[in-house]
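Taking it in order: structure first as structure tokens, then the write-up.
Here is how names work: the chains are called A, B, and so on, in the same order as the sequence lines, proteins then strands, and each is numbered from 1.
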Amino acid sequence: MAEEKKERDSNEESVKLFVGQVPKHMTEAQLLTMFKEFALVDEVNIIKDKTTRASRGCCFVICPSRQEADKAVNACHNKKTLPGASSPLQVKYADGELERLEHKLFIGMLPKNVSETDVSALFSDYGNIKDLQILRGSQQTSKGCAFLKYETKEQALAALEAINGKHRMEGSTVPLVVKWADTEKERQARRAQKALSQASNVPNTDSQHPSLFAALPMGYVPPYNGYGYQAPGPYGLMSYRLPPMQNQPGFHNMIPPINQGNALRPDLVPSMNSRNYHVPPTSYIGSYPGLHHPMAYHGGMVSPRPLSGSSGSVPPAGVNNHSTTSPGTSRSPGGQVEGPPGANLFICHIPQEFGDEELANTFQQFGRVLSAKVFVDKTTGVSKCFGFVSYDSPEAAQSAISMMNGYQLGGKKLKVQLKRDKQNNKPY
DNA sequence: TCATATT
């Protein structure tokens with residue numbers, strides 16, 4: 001740990017890049033060699049699955065300076081496709097990296113009538129101010145806080161240490177608060193926390209005025225650790241103390257159920273106050289002991305013609321059952337498991353409220369589901385209404401296509417087809 | 001409407 005700190009301190013200039021679309025079979029040495037053609041690179045770290053240690057198809061690249069990092073980005077981002085990848089390399093500053101390089105400070109407890117000039121006068125003692133912004137409301141009224149950037153981290157640190165909690169501005173009864181501005185991640189965490197506490201009607205301090213909030217009793221801020229992640233500080237405890245349910249898979253499905261009078265049963269959508277959420281998982285194997293050929297289900301379990309005429313409203317068995325995907329028999333914990341050729345399905349027009357679990361439940365009746373993934377918007381968490389289901393056999397996939405393609409689920413008809421092959425393999 | 005992933 002002391003070593004980690006030493007390394008970080010001596011490498012303040014270095015910049016970490018995140019690289020996506022890295023073929024899983026490539027080694028760190030190979031990647032290092034490749035990136036060195038374009039920029040100075042100190043290190044490549046492949047990002048691996050925590051449990052399987054397999055590459056997750058992306059890596060970090062450490063460059064000695066911002067200049068070198070930019071060279072790598074400009075030469076590679078969207079510019080080259082590695083053999084085996086389906087789309088070009090994605091090369092960007094890693095999360096928090098830009099913010100780390102900005103040395104941005106938050107200043108709280110400013111008097112309401114303070115001007116930019118007043119703030120500059122005080123803070124310019126510690127370095128050149130590159131950017132200063134006093135937060136104002138609709139009528140130009142100050143919100144009592146500001147953001148400020150210096151040219152170097154040392155200047156920012158000097159100002160922070162000299163002023164935070166120690167300097168009282170004219171017209172104010174309390175000292176200024178100076179801390180490192182929240183990173184994007186911290187803001188996200190706080191937004192999420194706010195949404196959650198509002199949903200459960202618990203009053204929370206987040207709704208208070210920003211400057212009051214920052215100035216709450218335990219105003220001390222731990223030294224910046226150089227990585228953009230702060231140890232749980234003043235509001236850290238609150239941010240991470242989520243009700244247990246919200247840490248469970250299916251959390252992202254806690255969008256308010258939209259009732260559109262469709263065929264979906266509300267109890268298929270996990271919800272915090274639904275007892276049905278706790279129904280014990282029924283595993284595929286447990287339900288059908290001894291049956292290993294997916295086709296075997298067709299006779300007994302599934303109506304042969306789900307799409308025909310008026311009887312089309314009766315869903316195939318399993319769509320409405322409560323079983324959830326059993327941990328023992330289903331997707332591996334981390335990512336997408338790809339089945340053998342011909343066993344992977346692409347599905348679109350999935351009902352908005354379906355998550356991975358509902359998708360798996362709907363398709364598990366045709367065979368062993370290795371993975372089921374509904375794609376969601378990265379930032380809003382809203383379903384994009386398409387996804388993938390992988391089986392362990394092409395036969396299962398075929399039977400799912402014949403039974404489910406065109407099947408009316410919610411407002412639209414499902415489209416179920418074999419997943420496209422990845423074919424575009426260009427050398428670099 | 002075809003696996004976007006942050007040790």
Side-chain angles (χ1 to χ4, degrees), chain A residues 1 4 7-8 15-28 31 42-62 69 73 77-78 81-82 84-100 183-186 188-189 225 227-229 252 331-339 341-352 354-356 359-360 369-391 397 401 405-406 412-424:
Chain A
M1 181 176 91
E4 238 174 80
E7 170 150 355
R8 214 169 287 155
V15 174
K16 179 161 68 176
L17 297 175
F18 173 83
V19 180
Q21 295 304 322
V22 175
K24 293 185 169 52
H25 57 79
M26 284 188 80
T27 66
E28 292 177 344
L31 289 162
D42 293 329
E43 209 178 311
V44 172
N45 300 124
I46 288 176
I47 299 168
K48 306 186 185 88
D49 183 276
K50 266 193 271 296
T51 55
T52 70
R53 309 293 299 158
S55 166
R56 303 196 60 167
C58 48
C59 69
F60 290 119
V61 169
I62 316 288
V73 172
H77 179 65
N78 272 141
T81 302
L82 265 24
S86 51
S87 47
L89 279 176
Q90 300 300 107
V91 186
K92 344 183 293 202
Y93 282 62
D95 279 359
E97 236 6 44
L98 266 176
E99 290 163 299
R100 183 177 70 82
T183 64
E184 180 60 31
K185 276 201 162 170
E186 289 161 336
Q188 270 176 16
N225 66 16
Y227 254 11
Y229 308 115
H252 57 281
R331 27 199 165 129
S332 79
Q336 312 86 356
V337 181
E338 175 119 4
N344 303 292
L345 298 178
F346 170 72
I347 297 144
C348 54
H349 306 314
I350 297 169
Q352 185 84 58
F354 264 44
D356 296 353
L359 186 64
V369 172
L370 300 179
S371 74
K373 176 127 212 94
V374 173
F375 272 71
V376 297
D377 183 281
K378 212 160 101 185
T379 53
T380 68
V382 175
S383 164
K384 292 186 165 166
C385 299
F386 74 89
F388 298 90
V389 168
S390 292
Y391 289 105
I401 290 173
N405 185 36
K412 291 185 173 175
K413 289 182 175 175
L414 281 184
K415 179 178 272 195
V416 182
Q417 46 193 216
L418 284 179
K419 179 174 112 58
R420 226 165 49 193
D421 257 347
K422 56 175 153 192
Q423 57 235 117
N424 33 358

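In the set B/dT1, B/dA3, B/dA5, B/dA3 carries the atom at the smallest distance from any side-chain atom of A/Ser371. Here B/dT4 is the nucleotide among B/dA3, B/dT4, B/dA5 with the atom lying nearest to any side-chain atom of A/Ser87. Listed nucleotides: B/dC2, B/dT1, B/dT7. Nearest to the side chain of A/Lys415: B/dT1. The side chain of A/Phe60 lies closest to B/dT6 when the candidates are B/dC2, B/dT6, B/dA3. Minimum atom distance to the side chain of A/Ile47 is reached by B/dT7, of the listed B/dA3, B/dT4, B/dT7. Checking B/dA3, B/dT7, B/dT1 against every side-chain atom of A/Cys348, the shortest atom distance belongs to B/dT1. Comparing atom distances between the A/Phe388 side chain and each of B/dA5, B/dA3, B/dT6 picks out B/dA3 as nearest.
Taking all atoms of both residues into account, the shortest heavy-atom contact from A/Gln21 to A/Pro23 is O-CD, 3.6 Å.
Sparse packing is recorded around NZ of A/Lys413, with 12 or fewer heavy atoms of other residues, nucleotides or ligands lying under 6.0 Å away.
Counting non-hydrogen atoms under 4.0 angstrom, A/Lys92 reaches a base of the nucleic acid. A/Lys50 comes within 4.0 angstrom of no nucleic acid atom, judged by non-hydrogen atoms across all strands.
Judged by atom type and distance alone, A/Ser86 does not reach the base of B/dA3 through any side-chain donor-acceptor pair under 3.5 Å.
Stacking between A/Phe386 and the base of B/dT1 is absent under the criterion of ring centres within 5.5 Å and planes under 30 degrees.
For the pair A/Ile347 CD1 and B/dA3 C1', the computed distance is 13 Å after rounding to whole Å. Nucleotide B/dA3 holds its P atom 11 Å from the CG atom of A/Asn344, rounded to whole Å. In this structure, NE2 of A/His77 is placed 12 Å from C1' of B/dT4, rounded to the nearest angstrom. Between A/Ile401 atom CD1 and B/dC2 atom P the separation is 17 Å, expressed in whole Å. Atom CD in A/Glu186 sits roughly 18 Å away from atom P in B/dT6 (whole-Å rounding). The nearest whole Å value for the distance from the CG atom in A/Leu17 to the C1' atom in B/dT7 is 15 Å. A straight line from CZ of A/Phe18 to P of B/dT4 spans 10 Å, rounded to a whole angstrom. Separating the NZ atom of A/Lys384 from the P atom of B/dT4 is a distance of 10 Å, rounded to the nearest angstrom.
In terms of the salt bridge (charged side-chain N to carboxylate O under 4.0 Å, His left out) criterion, A/Lys415 has no residue partners (sequence neighbours excluded). Judged as a salt bridge (charged side-chain N to carboxylate O under 4.0 Å, His left out), and not counting sequence neighbours, the contacts of A/Glu184 are A/Arg187, A/Arg191.
At least one side-chain nitrogen or oxygen of A/Gln21 sits closer than 4.0 Å to the OP1 or OP2 atom of B/dT4.
Geometrically, A/Lys16 engages A/Phe60 in a cation-pi contact, judged by NZ or CZ lying under 6.0 Å from the ring centre and within 45° of the ring axis.
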